Number of protein chains: 2
Amino acid sequence: MNGKPPIFTNCADCSCKSSIFKSLGTDELGEINTGRFHVAYKAGEIMFKQGTPSSHFVCITSGLSKIYIEGYGKNLILALVKPVDYIFGPGVYIDNKHYYSASAIEDTTACLVDTAIFKKLIRSNPDFAESFIKRLSMQTLFNFEQVISLTQKQMHGRIADALFYLSEKIYCANPFNMTISRQDLADLSGMSKESAIRILKEFKEEGILSVDGNLFDILNIKHLKQISETG
Amino acid sequence: MNGKPPIFTNCADCSCKSSIFKSLGTDELGEINTGRFHVAYKAGEIMFKQGTPSSHFVCITSGLSKIYIEGYGKNLILALVKPVDYIFGPGVYIDNKHYYSASAIEDTTACLVDTAIFKKLIRSNPDFAESFIKRLSMQTLFNFEQVISLTQKQMHGRIADALFYLSEKIYCANPFNMTISRQDLADLSGMSKESAIRILKEFKEEGILSVDGNLFDILNIKHLKQISETG
DNA sequence: ATTCTTTATTGATATAGATCAATGATTACA
DNA sequence: TGTAATCATTGATCTATATCAATAAAGAAT
């Protein structure tokens, strides 16, 4: 958040592009660049809504956003998306609709690219196609972990999983600056906000976690891992 | 179950191959055929175990099988697989491991094909690759529906969803012959076997469902749809 | 600063659903 | 053809978790 991210005029020169683009040559990156535009979202703003047409691939270049399914009365956060990761929903290859919504948690910038270009490159470049399939597979594995956590673990285990997700996968730090709300934490763990808060409180009381303002510190990683394992 | 399924010696001539093979030419089907073998599983037999190396694509040619994650103390059935559908797990493109187990519910026959051939064809045939990606996308959408059903609906809604899944997607009939156990129904709906049985009983009492031996009949589809909707 | 609005926290209560335990009904099987 | 083994059913009890309600804290706005 200190200093603006560098905005390059060409994907080929971009130092912060998603690793999936590694398999693309200069010409292909040029194609991507042609149909690309850069957008800035303020924290809280919706990037796209579930049910609306899905015409663009979204690459997050700064900030933090969430993708979430608007279910029966409450939301389920499928993932948080940070630089330099992209959002490319399953509807693109089915009916060009969004099957989840996305919104900015922190101020976020993103590059949008027409999905048609993306699909064309998948057809013409087998390496790119394979990278894409690998990425889809990774997401599926992540979904599996999440559904097992949500359906077979109790609240303590689910909050433990969410804290590790935040620390290891999103903020990539241990004392980390928590930028998502308690409601988001709850939506990530499939429980009510109040329950999430209570679990955090217990973790604090047991010395597993310290919370100082927005600074979260997992003090006893081993114990928290165990809570994650034992449900 | 009456009469054996026709077993052809060549994929090109096979009348019961998965629709994904439509985009393959005779030569390509020949390649598939070369590395293919046909296996029969008895009801209850495990086809492959979560955690073991995943070397083959599995196409179900007769019978019914389930794919399920062995979680913390209980199983979650991700899907039932019937002819002519295939099993190709997300581990194939990641680390060649199975991330779920599969077992035969009814006596089941299947064609196995080395995943290397499959991956090669995905690289060489863009239509095939696209069909494959579409199929992955469909599975992802199905996962989304399932996770929302499991995490945001109460038991009645989840059993309703499972009954519609069985009737509409698996047995493709309304009075249908139930070949999965109550435990499987429970594992499909993320609840205990006892709870699943109790919900069935309530549905019977309310005239929504009739159960005569193994014959299930959804008597009031509209009402059951409503139960599915209202959680 | 002061008010307004959102977000976080805590407590009390209600309940969906699991678990345990017992029994009945099928199916395998020797 | 009876005995074991599995599967289905029902009831009683317990608990994890949601919901409701009230308050506190933290930002945002004027």
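Every value quoted in this text rests on a predicted model; they were computed, and no experiment measured them. All values below were derived from every heavy atom in this structure, side-chain atoms included, with hydrogens, water molecules and symmetry-related copies excluded. Every chain is numbered from 1, with letters handed out A, B, ... down the list of sequences.
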Quiz item: Separation of B:Gln152 atom CD from C:dA16 atom C1', in whole Å?
Solution: 16 Å
Exercise. Summarise protein proximity over nucleotides 8-17 of chain D in one line of letters, 5' to 3': B for base, S for sugar-phosphate only, - for none, counting protein heavy atoms closer than 4.0 Å.
Key: SBBBB---SS
Quiz prompt | Name of the residue among B:Phe118, B:Phe48, B:Phe37 meeting ring-ring contact (aromatic ring centres under 6.0 Å, His included) with B:His56 | solution = B:Phe37
Practice problem: Can you sort out the partners of A:Glu70 under side chain to side chain contact (heavy atoms under 4.5 Å, CB included), two or more places apart, ordered by chain and number? | Solution: A:Lys49, A:Gln50, A:Tyr68, A:Asn75, A:Ser101
Quiz item: Taking the nucleotide of DNA chain D with the closest heavy atom to each, which residue, A:Asn214 or A:Ala196, is nearer the 5' end?
Solution: A:Ala196
Quiz item: Within this structure, what is the CG-to-P distance between B:Leu150 and C:dA18, rounded to whole angstrom?
Solution: 11 Å
Quiz item: For B:Asp107 and C:dA28, what is the distance between atoms CG and C1' respectively, to the nearest whole Å?
Solution: 15 Å
Self-check item: Length of the line joining A:Asp184:CG and C:dT7:P, which is rounded to integer Å
Solution: 10 Å
Practice problem: Would you indicate whether A:Lys74, at its atom NZ, is surrounded by more than 12 heavy atoms from other residues, nucleotides or ligands within a distance under 6.0 Å? | Solution: yes
Quiz item: In whole angstroms, how far is the P atom of D:dA28 from the NZ atom of A:Lys42?
Solution: 13 Å
Exercise. Quick one: list whatever passes salt bridge (Lys or Arg N to Asp or Glu O under 4.0 Å) with A:Asp114, sequence neighbours left out.
Key: none
Quiz item: Under 4.0 Å between a Lys/Arg side-chain N and an Asp/Glu carboxylate O for B:Lys225 and B:Asp161?
Solution: no
